[in-house]
There are 2 protein chains.
Amino acid sequence: MQSSTRDRIVVAASRLLQRQGYVGTGIKQIAQEARATLGSVYHFFPGGKEAVAIAAIEHGAGEFAALLREALDGDDDPAEAVAACARQLAHELRESGWTDGCPVTAAALETLGTDSEIQRACADALRDWERLVRDKLLRCGFPASDARELATTVVSALEGAEVAAQVGRSEEPLLVTGRQLARLVRSYEIQGLSP
Amino acid sequence: MQSSTRDRIVVAASRLLQRQGYVGTGIKQIAQEARATLGSVYHFFPGGKEAVAIAAIEHGAGEFAALLREALDGDDDPAEAVAACARQLAHELRESGWTDGCPVTAAALETLGTDSEIQRACADALRDWERLVRDKLLRCGFPASDARELATTVVSALEGAEVAAQVGRSEEPLLVTGRQLARLVRSYEIQGLSP
DNA sequence: CTCTGGGTAGAGCGTTCGTTCTAGTGAGAG
DNA sequence: CTCTCACTAGAACGAACGCTCTACCCAGAG
């Protein structure tokens with residue numbers, strides 16, 4: 001299973017970006033981590049650092065979406081599924097030593113003032129994750145407007161709880177937020193809607 | 001109303017940090033924005049960039065806490081108070097052109113890997129904000145454990161929703177999350193607890 | 001007046017940044 | 001064999017980084 005140079009660059013960049021942000025990560029560092037040379041990086045990404053970052057963010061966003069999808073599909077009950085997302089995030093965060101958080105937040109916040117393509121990629125990622133949660137809720141019989149509002153809240157809260165967990169080096173914010181989100185989801189169910 | 005050089009440095013650094021993060025902000029840029037010189041900066045902060053950043057983060061965290069306190073005290077109903085926090089954050093975010101978000105998140109995420117004092121300052125800020133919300137809930141008669149879990153969730157969700165609002169350049173994530181958090185808080189009240 | 005010291009001012013240090021550039025490698029086409 | 005071209009390799013450039021350093025200003029003490 002040999003990986004292509006381009007793939008190694010994207011994966012390494014993705015990891016470094018989520019740990020140190022956009023400005024904090026150097027092109028040379030990415031090349032070194034990916035066991036590639038500067039020439040290779042600029043060969044595959046003529047757009048330079050920004051192009052590498054965009055590809056890396058899209059890769060990280062896809063990984064995050066896969067994690068989300070798997071956790072959501074793992075439980076029929078939507079409330080339990082949301083809590084499972086939080087637990088899974090907490091588990092991976094702890095395993096990485098609290099370093100590998102959301103692959104988008106760090107890079108997004110640094111490039112807000114600029115009109116970079118990076119923030120577009122980040123906005124797309126957030127929209128995508130929200131859609132995953134919304135569709136799960138729709139499949140469970142939630143009305144469209146409730147599903148949309150809940151999905152926005154769930155993604156925002158998980159995002160924020162992950163940051164809190166990283167800063168505090170503790171799983172607690174994620175686990176607590178997962179429990180409360182499950183409760184919030186159930187507060188719609190008890191009003192009766194689905195079989 | 002002349003401000004001292006030291007104060008101008010802290011205020012300028014705080015603003016720049018929340019917009020561009022720690023690595024993205026240069027000492028010389030801080031000095032220029034504060035109408036001070038490099039010599040003055042190193043005179044007041046012999047600890048260099050990190051010392052300036054810590055003072056700036058503590059300043060920003062205090063400002064954020066004041067906003068939170070005011071919004072929480074503005075309404076007796078805890079659910080409405082939480083929603084008011086979200087509305088106030090949304091309002092200030094829009095006014096700043098989506099740039100002036102949480103004064104802690106950006107700097108915190110960049111320095112997670114390091115053992116910098118910066119992340120301690122960020123952790124302190126988060127704890128402080130959580131305490132504000134928890135005390136409000138306690139004053140409203142919530143049991144201690146419920147108040148603690150709700151406070152963690154509220155702060156995390158607001159934090160995440162603010163990032164989502166910045167990235168999407170829209171107030172919606174904050175307003176929606178505020179509404180849902182209010183619903184969550186009310187879901188405790190209807191089980192009956194306080195007068 | 002001189003002297004002192006908190007504060008201002010900015011040139012310059014070594015380093016690292018993102019990027020460009022030229023040279024070289026090696027598998028496949030003719 | 002030669003030729004081609006996707007790819008590798010890394011030296012070198014100007015700019016910006018955090019920081020140090022010396023020189024200077026000027027109000028108040030003696």
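Chain letters run A, B, ... following the sequence lines, proteins first, then strands; residues in each count from 1.
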Would one find a side-chain N or O of A/Ser40 under 4.0 angstrom from OP1 or OP2 of D/dA9?
no

To the nearest Å, how far apart are B/Phe44 CZ and C/dA9 C1'?
14 Å

Expected string for nucleotides 10-21 of chain C under the B/S/- scheme (protein heavy atoms, under 4.0 Å, primed atoms plus P, OP1, OP2 as sugar-phosphate) is B-B----BBBB-

Results of salt bridge (Lys or Arg N to Asp or Glu O under 4.0 Å) for B/Glu172 - residues two or more places apart only
A/Arg148

Any pair counted as salt bridge (charged side-chain N to carboxylate O under 4.0 Å, His left out), so long as it reaches residues 4-23 of chain A, sequence neighbours left out
A/Arg15-A/Asp100, A/Arg19-A/Asp100

Could I get the full list of salt bridge (Lys or Arg N to Asp or Glu O under 4.0 Å) partners for A/Arg127, not counting sequence neighbours?
A/Asp124

Any cation-pi pair here, A/Lys136 with A/Phe142, using under 6.0 Å and within 45°?
no

For the pair made of CD in B/Gln32 and P in D/dC17, what is the distance, rounded to whole Å?
10 Å

Hydrophobic clusters join Ile, Leu, Val, Met, Phe, Trp and Tyr when side-chain heavy atoms are under 4.5 Å apart, directly or via other members; which others share one with B/Phe44?
B/Ile9, B/Val10, B/Leu16, B/Ile27, B/Ile30, B/Leu38, B/Val41, B/Tyr42, B/Phe45, B/Val52

Interatomic distance where CZ belongs to A/Arg6 and P belongs to D/dA6 [whole Å]:
16 Å

Whole-Å distance separating the CZ atom of A/Arg35 from the P atom of D/dT8
12 Å

A/Arg8 CZ to D/dC7 P: how many Å, rounded?
13 Å

A/Ile30 CD1 - D/dG10 P separation (whole Å):
18 Å

Which atom pairs, donor and acceptor, lie under 3.5 Å between side-chain atoms of residues 63-81 of chain A and protein residues at least two apart or in another chain?
| from | atom 1 | to | atom 2 | distance (Å) |
| --- | --- | --- | --- | --- |
| A/Asp75 | OD1 | A/Asp77 | N | 3.1 |
| A/Asp77 | OD1 | A/Ala79 | N | 3.4 |
| A/Asp77 | OD2 | A/Glu80 | N | 3.4 |

